[in-house]
Amino acid sequence: MSTKNFTPSAIIKKKRDKKQLTKEEIQWFINGLVDGKVSEYQMTALLMAIYLNGMTTKETAALTDCMLYSGTVLDFNDPTVIDKHSTGGVGDKTSFILAPIAAACGVKVPMIAGRGLGHTGGTVDKIESIKGFKTSITLKQFEQRLKKDGIVLIGQTKDIAPADKIIYSLRDVTATVESIPLITASIMSKKLAEGASGIVMDIKTGQGAFMKTKAQARALATSIRETGLRFNKNMMTILTDMNQPLGNAVGNSLEIIESIEVLKNRGPKDITEISIDLAGGMIHLAGLATTHEKGNAMARKALKSGAALKKFEELIKNQGGDPKVCSNYSLLPVAKQTTIVTAPAAGYVSNMNNERIGLLCVDLGGGRKKASDKVDFEVGFIFNKKLGDRVKKGEKLLTIYHHAKQNKMVQEMCGEFTSSVIKFSKTKPKLSPLLIEKKISWSK
Ligand code: URA
């Protein structure tokens with residue numbers, strides 16, 4: 001069929017009516033979006049139709065390819081160039097820890113990261129809380145930095161998967177995030193474009209993840225692994241639990257501070273261990289360790305020795321920030337006003353509504369409600385108690401970092417935290433392990 005008969009509404013109608021789109025139709029729509037011939041409101045209608053009716057493997061592959069080739073596709077042709085990506089979570093700051101660890105072990109890390117999406121925080125928003133840190137550089141500079149420093153962290157550029165850049169911001173504000181084809185195409189169009197030979201993919205599952213159940217997370221892991229293999233990438237997918245924040249900090253600057261604490265070997269155990277697992281996976285995929293376990297041992301050593309912290313300081317300096325933030329946290333923007341939330345009764349923390357925690361951080365200004373919103377780096381939460389912890393009545397559960405003008409909202413938030421966001425039980429609850437399962441697929 002000639003593409004001259006295509007119209008946005010006919011393609012939207014087809015997906016709305018649960019029919020399969022052809023590669024030509026998908027390509028025509030995505031190209032139109034990038035050229036401005038298809039409007040953003042038409043794209044959001046198609047996104048909702050995809051969200052509701054899904055896509056076949058063939059349609060997902062076509063969408064991924066169109067989004068990938070909407071921009072430049074790099075290829076470093078170097079087996080040691082490995083990236084990691086997460087499907088998004090609450091308090092997920094592993095990139096700031098694992099990237100310098102892996103780089104200190106000889107992996108080249110070309111990280112093109114995202115901004116906050118829905119209730120989840122974004123790596124780019126978080127790192128931008130370091131004044132002067134440039135997340136938008138040209139692709140030429142990106143390539144040069146990677147070759148010279150072995151580590152580079154940027155946001156999406158207009159050259160890399162520009163279609164995703166538009167679609168990502170539309171999904172963020174139109175309730176169309178939690179979709180396996182849309183997440184696969186979004187993540188893989190960026191990751192395949194950045195020229196890595198292998199990718200470690202952290203697929204989150206649980207209340208604070210886009211994939212609420214393990215079955216959905218496994219389906220997403222399969223979709224992502226198969227897409228990577230189609231492009232000859234070595235792939236590791238790891239399913240991790242997102243039923244509570246990762247680490248203790250949620251909020252942009254607060255998460256940077258916690259990441260630095262981990263790099264100084266004094267951070268929370270959960271985030272430290274999972275960062276080692278992910279970095280170990282990258283080292284293994286790069287061929288620098290014969291097993292994942294040996295990769296983990298190398299990662300642990302780089303963390304213990306301070307080599308990873310040094311790499312992080314270099315990364316900050318190379319991208320225009322002041323590495324002194326690592327020794328002087330007052331250089332980071334943190335809200336002066338704090339409010340403490342205490343336990344209403346004694347017991348064990350048995351449930352944390354993690355998606356709500358992410359949304360409460362967005363309410364404070366730590367994320368966006370509409371695409372044009374500016375992110376407030378200063379606000380967030382530090383949790384003193386996590387799932388399974390025993391608490392006494394009146395004991396500190398968390399601290400809210402906010403502005404004085406938000407006092408009324410924060411008072412209501414305190415009530416919500418103790419009445420519904422955090423739940424308590426008389427007996428110690430059974431907890432899911434953080435690392436649920438992993439799969440490695442080598443390209444031929
Ligand atoms: N991260 C992305 O880059 N895209 C998604 O759709 C979800 C998480």
Side-chain angles (χ1 to χ4, degrees), residues 30 33 43-44 46-48 50-51 54-55 59-61 63-68 70-71 83-96 98-99 110-127 135 153-157 160-194 196 199-206 208-212 216-217 219-225 227-228 233 235 237-240 242 246 278 354-355 358-359 362 367-368 371 375:
I30 299 298
L33 175 74
M43 186 71 228
T44 54
L46 182 65
L47 289 171
M48 187 54 86
I50 295 172
Y51 175 88
M55 276 185 143
E59 286 175 294
T60 306
L63 180 64
T64 308
D65 294 2
C66 296
M67 284 167 62
L68 170 66
S70 67
D83 194 14
K84 165 264 170 193
H85 198 79
S86 148
T87 56
V90 179
D92 182 5
K93 54 202 76 80
T94 57
S95 291
F96 310 117
L98 63 88
M111 199 168 272
I112 299 185
R115 296 194 177 273
L117 192 62
H119 65 280
T120 69
T123 299
V124 173
D125 293 329
K126 292 172 197 178
I127 199 76
T135 55
L153 195 173
I154 63 167
Q156 244 178 303
T157 75
I160 291 279
D164 181 61
K165 191 166 185 185
I166 307 170
I167 294 171
Y168 193 90
S169 62
L170 296 176
R171 287 170 59 222
D172 186 25
V173 289
T174 57
T176 47
V177 175
E178 303 95 330
S179 149
I180 291 176
L182 294 179
I183 296 179
T184 302
S186 165
I187 291 181
M188 294 310 280
S189 61
K190 293 187 287 268
K191 296 291 111 179
L192 294 167
E194 64 186 25
I199 305 161
V200 172
M201 193 61 65
D202 181 7
I203 318 270
K204 306 278 183 205
T205 180
F210 294 127
M211 300 291 106
K212 304 287 183 227
Q216 290 170 331
L220 178 59
T222 305
S223 173
I224 283 177
R225 256 195 332 272
T227 307
K233 307 291 176 191
M235 298 294 300
T237 51
I238 298 192
L239 254 59
T240 58
M242 228 324 122
L246 193 49
L278 292 163
N354 210 16
E355 177 165 0
L359 288 172
V362 174
R368 295 175 191 79
V375 164

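Both ligands and their constituent atoms are indexed starting at 1 by order of listing. Hydrogens, waters and symmetry mates play no part in the numbers below; they use all other heavy atoms, side chains included.
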Handout entry: Flag side-chain contact, heavy atom, 4.5 Å: D125 against R368
Key = yes

Exercise for the section: Report yes or no: does D172 contribute a side-chain atom to a donor-acceptor pair with the main-chain N or O of G118 at less than 3.5 Å? Expected result: yes

Exercise for the section: Please work out whether any backbone atom (N, CA, C, O) or any side-chain heavy atom from C-beta onward of I183 is under 4.0 Å from ligand 1, and answer side chain, backbone, both or neither. Expected result: both

Problem - Residue and atom name of the nearest protein heavy atom (relative to atom 1 (N) of ligand 1), distance in Å to one decimal - result: H85 NE2, 3.5 Å

Handout entry: Short side-chain donor-acceptor distance under 3.5 Å, T184 and S223
Key = yes

Fill in the blank from the handout: atom 8 (C) of ligand 1 has as its nearest protein heavy atom T87 O, 3.4 Å

Handout entry: Residue and atom name of the nearest protein heavy atom (relative to atom 4 (N) of ligand 1), distance in Å to one decimal
Key = S186 OG, 2.7 Å

Exercise for the section: Note the single closest protein heavy atom to atom 3 (O) of ligand 1, along with its residue, its atom name and the distance in Å. Expected result: K190 NZ, 2.6 Å

Exercise for the section: Classify the side-chain pair K84/T94 by whether it contains a donor and acceptor separated by less than 3.5 Å. Expected result: yes

Practice task
Pull out every atom of ligand 1 sitting under 4.0 Å from any heavy atom of Y168, numbered as shown with elements.
Solution key: 2 (C), 3 (O), 4 (N)

Fill in the blank from the handout: Contact region, L117 to ligand 1, non-hydrogen atoms below 4.0 Å, reads side chain

Exercise for the section: Answer with yes or no whether the side chains of D164 and S189 bring together a donor and an acceptor at under 3.5 Å. Expected result: no

Problem - Chi angles and distances behind the salt bridge (charged side-chain N to carboxylate O under 4.0 Å, His left out) call for E355, K212 - result: CA-CA 10 Å; E355 177 165 0; K212 304 287 183 227; 2.8 Å; yes

